[in-house]
Peer 1: 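Please read through the structure below; I'll follow up with questions.
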Amino acid sequence: MTALLYPLGVLGRGTLAAMASIGRVMLFALSALSHILRPPFYGREFMVALLNIGWLSLPVVGLTAVFTGGALALQIYAGGARFSAEAVVPQIVAIGMVRELGPVLVGLMIAARVTSSIAAEIATMKVTEQIDALTTLSTNPMKYLVAPRVLAALLVVPVLVGVGDVIGIFGGYSVATGSLGFNGAAYLKNTVNFLEPLDLLSSLIKGCAFGGIAAVMGCYFGMHSGRGAQGVGRATKGAVEAAAVLILAANFLLTGALFSL
Amino acid sequence: MITLSNVHKAFGPKKVLCGIDLTIESGSSMVIIGGSGTGKSVLLKSVLGLVTPDSGVITLDGQDVTRADRDAFLARFGMLFQGGALFDSLPVWQNVAFRLLRGSLQRPRAEAREIAIEKLRRVGLTPDVADLFPSELSGGMQKRVGLARAIAAEPEIIFFDEPTTGLDPIMSGVINDLIREIVTEMGATAMTITHDMTSVRAIAHNVAMLHDGVIQWTGPVAQMDDSGDPYLDQFISGRATGPIEAIR
Ligand SMILES: Nc1ncnc2c1ncn2[C@@H]1O[C@H](COP(=O)(O)OP(=O)(O)O)[C@@H](O)[C@H]1O
Ligand SMILES: [Mg+2]
């Protein structure tokens, strides 16, 4: 009987542990938000975070978007041809990029690039006692390290998503006009006429949410890193995994909330 | 005055502090000695609140440190960490002047830089290291930058975790003199962890020996040599045989 119950025990303990970590992450995120709102503010740290998360991510975001937009145009053209609907390429590329692929791919790229570097940096600071040193120098690590990064991500990732959307549509446009025989002006006109304000708004809302998830996960895993090089490695891996999965889950929930009304 | 009474701390199953009782008078220099891994760093960190004791009370001037206003409390302290703990994203002078560049002790940038260079000079470093990054310095130099940072805001209470480890004998002498000066001239209260018996004799008013999670012996440095305590005697003389097991 006890042997039969054993898997249930494992399942129960696992669920409880998962719930407890979700609770801790939520509390951490709330605390980060409250530190964003209350002084002192560290302007220099914020500017550095903006630069790292926003500006320096542009190349990777641009490349991801342009290739995805291009591939999307090819796929829709080929798929559409099966029922003589090749003409919908501009509309589907636009909606696919803006509503789904732009935010998700930029979010995942930010998880790869920003979450990992935030987690590794903060974990190293934790392991080498720099976090303790900050505290003894009367500086709250939540304010000095976490708040600027989270705020920067909340503000700049939507912008990156916007840039990604535009570049993705441009990628589709290049392929469509370059090799699929579309007329450039008509392609752009179709794209612009088709997109609705809610499409664009949803893109930015998703960007904001994914940016927040990416930065909070990096900071949380970094601040709770174990000891030594192994601790830093685990923190980084855990942060990227958690950020990527949460971004995809949040994307599903947000898509549901925004478009199934 | 800092007092610790019956302080306990364990990490998981590992009991590190098992009932520490210790008093450090204001303006005095207390040196903590004891083998590696006996919990000396954990002891200092519990006073600062970086480690939360499982039980026991720590007071500063009669007030429980856990009830004190954190900012006001920490503003009175300076701490040199065992590994230096320099911020590697900032150049050396901004590390030293960290407190003077932000918060309640903020000064104009140029003035903060001047103070930083002056403190670097006091720990035997030339002004040209000011603009280097910590990763460009040797271990001993990093330790001295950490020391300069600990004293930069002239705190009332300073904790030094192994200030002379990794330094050559001459530089150790310079640092010992500096710590003695800080206590005698600035009237600061100092708590120093060291393994270096020359340092102990140079800077201590009082000595406490940590062993097996408790203060094995404490008293004025003058009584250290004829304490009659076998643990302390073994430690001072550095014998491999005695009550302290040296596992080989
Ligand atoms: N954050 C921590 N987590 C787990 N164990 C710790 C932690 N800090 C210290 N310890 C353990 O406590 C013991 C005492 O450490 P420490 O105070 O650094 O020794 P030392 O006397 O050499 O300064 C060591 O065994 C160390 O592994
Ligand atoms: Mg130590």
Side-chain angles (χ1 to χ4, degrees), chain A residues 17 24 31 34-35 38-53 56 114 117-149 152 218-219 222-232, chain B residues 11-12 41-42 44-52 69-90 94-106 109 134-135 139 142-143 145-153 155 157-162:
Chain A
R24 276 194 297 272
S31 151
S34 83
H35 283 291
R38 283 177 295 141
F41 305 113
Y42 295 102
R44 209 189 81 97
E45 312 311 314
F46 174 66
M47 297 312 289
V48 171
L50 269 189
L51 185 78
N52 279 331
I53 300 174
L56 297 178
V114 174
S117 89
I118 291 180
E121 183 179 1
I122 295 185
T124 306
M125 292 186 73
K126 163 109 182 172
V127 167
T128 56
E129 300 181 312
Q130 292 178 52
I131 306 271
D132 283 346
L134 271 180
T135 308
T136 60
L137 294 166
S138 309
T139 303
N140 185 336
M142 285 299 287
K143 274 199 191 319
Y144 182 79
L145 295 174
V146 177
R149 285 168 170 80
C219 294
M223 294 287 275
H224 295 86
S225 159
R227 308 173 86 203
Q230 209 173 30
V232 177
Chain B
F11 293 101
S41 299
V42 170
L44 283 199
K45 288 185 185 175
S46 5
V47 177
L48 288 168
L50 299 174
V51 166
T52 317
D69 167 38
R70 281 299 276 165
D71 281 344
F73 173 77
L74 287 169
R76 300 174 67 183
F77 281 90
M79 163 103 186
L80 164 66
F81 285 85
Q82 187 167 354
L86 301 178
F87 305 125
D88 35 31
S89 59
L90 300 176
Q94 288 186 27
N95 263 282
V96 176
F98 192 87
R99 257 209 168 122
L100 309 174
L101 289 169
R102 43 183 79 68
S104 56
L105 299 171
Q106 189 166 14
R109 235 175 135 76
S135 57
Q142 290 183 9
K143 202 62 174 275
V145 174
L147 189 58
R149 181 174 72 183
I151 62 173
I157 307 157
I158 317 187
F159 290 174
F160 302 101
D161 197 341
E162 305 196 9

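So that the names make sense, note that chain A is the first sequence line, chain B the second, and so on, each numbered from 1. The structure displayed is predicted, hence computed values, not measured ones.
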Peer 1: Do Arg102(B) and Leu137(A) have side-chain heavy atoms sitting under 4.5 Å apart?
Peer 2: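 Heavy-atom side-chain distance check fails, nothing below 4.5 Å.
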Peer 1: Determine the minimum heavy-atom distance between Ala75(B) and Ser138(A), stating which atoms define it.
Peer 2: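 Residues Ala75(B) and Ser138(A), closest heavy atoms: N-OG, 3.8 Å.
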Peer 1: Measure distances from Leu90(B) to the heavy atoms of chain A and classify the residue's part below 4.5 Å as side chain, backbone, both or neither.
Peer 2: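 The side chain, not the backbone.
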Peer 1: CD of Gln230(A): more than 12 outside heavy atoms within 6.0 angstrom?
Peer 2: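 Counting other residues, nucleotides and ligands, CD of Gln230(A) stays at 12 neighbours or fewer.
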Peer 1: Using non-hydrogen atoms and a 4.5 Å limit, figure out which bit of Leu105(B) sits close to chain A: side chain, backbone, both or neither.
Peer 2: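 Neither part.
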Peer 1: Please rank Asp71(B), Leu86(B), Leu80(B) by heavy-atom pairs under 4.5 Å with chain A and give me the top one.
Peer 2: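 The residue among Asp71(B), Leu86(B), Leu80(B) with the greatest pair count is Leu86(B).
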Peer 1: Picking from Thr128(A), Thr139(A), Ile131(A), which has the most non-hydrogen pairs under 4.5 angstrom with chain B?
Peer 2: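 Highest number of heavy-atom pairs under 4.5 Å: Thr139(A).
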Peer 1: Which residue out of Thr135(A), Val48(A), Thr124(A) racks up the most heavy-atom pairs below 4.5 Å with chain B?
Peer 2: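 Maximum pair count with chain B is reached by Thr135(A).
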Peer 1: Kindly give the heavy-atom pair with the smallest separation between Ala85(B) and Ala133(A), and that separation in Å.
Peer 2: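 So the minimum-distance heavy-atom pair works out to O-CB, 3.8 Å.
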Peer 1: Once you round to the nearest 0.5 Å, how far does CG of Asp132(A) lie from CG of Leu44(B)?
Peer 2: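 Between Asp132(A) CG and Leu44(B) CG, I get 11.5 Å after rounding to 0.5 Å.
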Peer 1: Using heavy-atom distances under 4.5 Å, tell me whether Phe98(B) contacts chain A through its side chain, its backbone, both, or neither.
Peer 2: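 Contact with chain A involves the side chain of Phe98(B) alone.
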Peer 1: Is Met125(A) close to Phe87(B) at the side-chain level, that is, under 4.5 Å between some pair of heavy atoms?
Peer 2: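 A side-chain contact under 4.5 Å exists here.
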Peer 1: Are Met79(B) and Glu129(A) close enough that some pair of their side-chain heavy atoms sits under 4.5 Å apart?
Peer 2: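 With C-beta onward as the side chain, the pair stays apart.
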Peer 1: Less than 4.5 Å apart, any side-chain heavy atom of Phe159(B) and any of Thr136(A)?
Peer 2: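 Heavy-atom side-chain distance check fails, nothing below 4.5 Å.
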